[in-house]
Amino acid sequence: MAEHHPFDPRSPGHGYEAEATDQEHGHAGVGKYVVVFIALCVLTAISFAVGNSQTLRHNSPGAMWAMMMAVSCAKAMLVILFFMHMLWEANWKYVLTIPASMMSIFLLLMLIPDVGRRTDRYAEERWLYAAEPKAEKPPGEHGPAPAHDHDDAKHAGGQPKH
Amino acid sequence: MAHDHGHTAVKLQYQPALPIGRGKLCLWLFLSTEIMFFAGLIGTYIVLRFGAPPGTWPAPHDVHLQEYVGAFNTFVLICSSVTIVLALEASKQNQAGLSKFWMVLTFLLGSVFLGVKGYEYNEKFKHGIYPAKPHSRIYEKPDLYYVQGVKLSLAKRRDSLAAHQGKLQQDGKSLPEEKANDLVVLNNLLTNLVQWTELKAAREEDTLARKLAMDKMAKAIYPHWHQGKEGDEAKELYEASLVDEERQISRDLAALTTDLQKAQADKQARQAEVEALEKQSKPPEKTTDASPANLSALQVAAIQNQPASEGSSPASATERKTKVLAEMGRLDERIAALDAEQKRMNGRLELLKELKDEHVTKDGLAHKYEHLRLPMVIPSGNMWASTYFLLTGFHAIHVLVGLIAFVLVLMYKLDHTKSHILENTGLYWHFVDLVWIFLFPLLYLF
């Protein structure tokens, strides 16, 4: 360690040695990874069971989807925190991840009125040539409906059939 | 950081960037763009899927997607995430050999993932599910375009087979049995399924009946019954409609057979009349030709009296004969038409018997005659295929890039000086795993 090249990632101040010390008392050993691995497997099994449950699919598909997404988020958090070492990183992690996450959430919110509700204002003639059959709407919802707020929009998109 | 290394006199505590290695910083920046990229893709998928009118989005089984295959792939990726983390740990502890072992394992697991993906893609392609038209056999609605599509596809096959058969016959050979069977099947489907439906769709006055006929054809080819009560009900309804149609056709056929018999009897009567008329117009000739002297005066008188009493002189008999012959011609036409109709109905009855077969009602003709590659109706199927191939395709490309990175990493001796490379590769690989964590339930289980 005679000289430190400024571009060397292992030079001091670039977090490498901090990590090395972390390793000693922070996340020692393989055991933690094995636990995370088992947790991931169990969570996958849960989402598989939930997704294949016909009763759940019939009675409350919304709950089924919510459960699967919750499981996916849990799995994602496990991977990010332990496998990607985010649990032990310094505060710089927020600089990179929070803006990206915010922008992706914005993107989703933009897509809902634009694409997700695209069939809401189809004219009758448009339905004749639409690839999708017309959905049965409860009476009174025809015609250009007044603008709903976002929450409503999200709901209408994810409304279960039947 | 005052206790930093003591051998330089001047210490500049300059922190130009985030306190991480440049490579890692770049990789995280890259990953943050990747987060947005996949958020866009997944978001579009979610919005398209739930924005599709209720009940139209294909269930996994409609599009030959098997959940357990996806679950297996999820498991493979989780394992690979663990192995690459273990490789990093080993490398940090300067165990280059162990690290290499874990990396090779990671590489193998990634390859398994891609292999399974390839198998799944092949399954789709085999069933005519492609993201775009020239290969895709997906139609979204059972309409006239669909009927025409099926007709075209069948006729193409039939014509090429028939041409082949013609060529072989010239050489005194015949089609192999399998192909000859295909030809029979193709002709059967073309007349009794497609043409029948076409005529129904053209002739029926009731719009609903037209729609139902085309719907029935689509269901006969590719039923994709949903699991559960709803699917069972739909299937029962379809089976009942087959039985109904069979009964209806049998009834029509009985009426038609009586008509046919009547027409044939009419024709026979006319035939007899013509024969009688021929006898009537001929005998005089015969008699005059043979021996007019033999005719008794009485006979001559009778012949001469005939026109007066019955109005059928040889001339009017000929007239009558032409008239009867014309009637017979019309009857012949009618009989031919009735005959053809009878054949058509019998053919349809035969096909209905085939359609009523348990396997055909369950999986459809598309499954029974898989090699004929029948076009099929999957509502929202094209949108499904587009999103499925886009999402899994981009993910698979990322996996491929990861595998290339692994190969590059494996060229180094993976001791502790290289652990930052391993760390960055690992971060990328975990991200790929992360994307799949969301793709698996969204594509296979939703």
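Worth saying up front: this structure is predicted, and the values here are computed from it rather than measured.
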Atom pair CZ (A:Phe48) and CZ (B:Phe75), whose distance is rounded to the nearest 0.5 Å: 13.5 Å

Top contributor to chain A interface from B:Val435, B:Leu434, B:Ile35 [non-hydrogen pairs under 4.5 Å]: B:Leu434

Under a 4.5 Å heavy-atom cut-off, does chain A meet the side chain of [X], its backbone, both or neither?
| X | answer |
| --- | --- |
| B:Phe446 | both |
| B:Ile46 | neither |
| B:Thr74 | side chain |
| B:Leu86 | side chain |

B:Leu445 versus A:Arg57, closest heavy-atom pair with distance: O-NH2, 2.7 Å

Heavy-atom closest contact (B:Met36 atom, A:Ala100 atom, distance): CG-O, 3.8 Å

Under the ring pair (Phe, Tyr, Trp, His ring centres under 6.0 Å) test, residues paired with B:His395 that sit two or more places apart: B:Phe113, B:Trp436

Most chain B-contacting option - heavy-atom pairs closer than 4.5 Å, from A:Leu96, A:Val36, A:Leu107, A:Ile105: A:Leu96

Residues of residues 70-77 of chain A within contact distance of chain B, non-hydrogen under 4.5 Å: A:Ser72, A:Cys73, A:Lys75, A:Ala76

Close aromatic pair by centroid cut-off 6.0 Å: B:Phe50 and A:Trp65: yes

Residues B:Lys24, A:Glu89: salt bridge by 4.0 Å N-O rule: yes

Intermediate values then yes/no, side chain to side chain contact (heavy atoms under 4.5 Å, CB included), B:Phe440 and A:Thr44: CA-CA 9 Å; B:Phe440 167 60; A:Thr44 308; 4.2 Å; yes

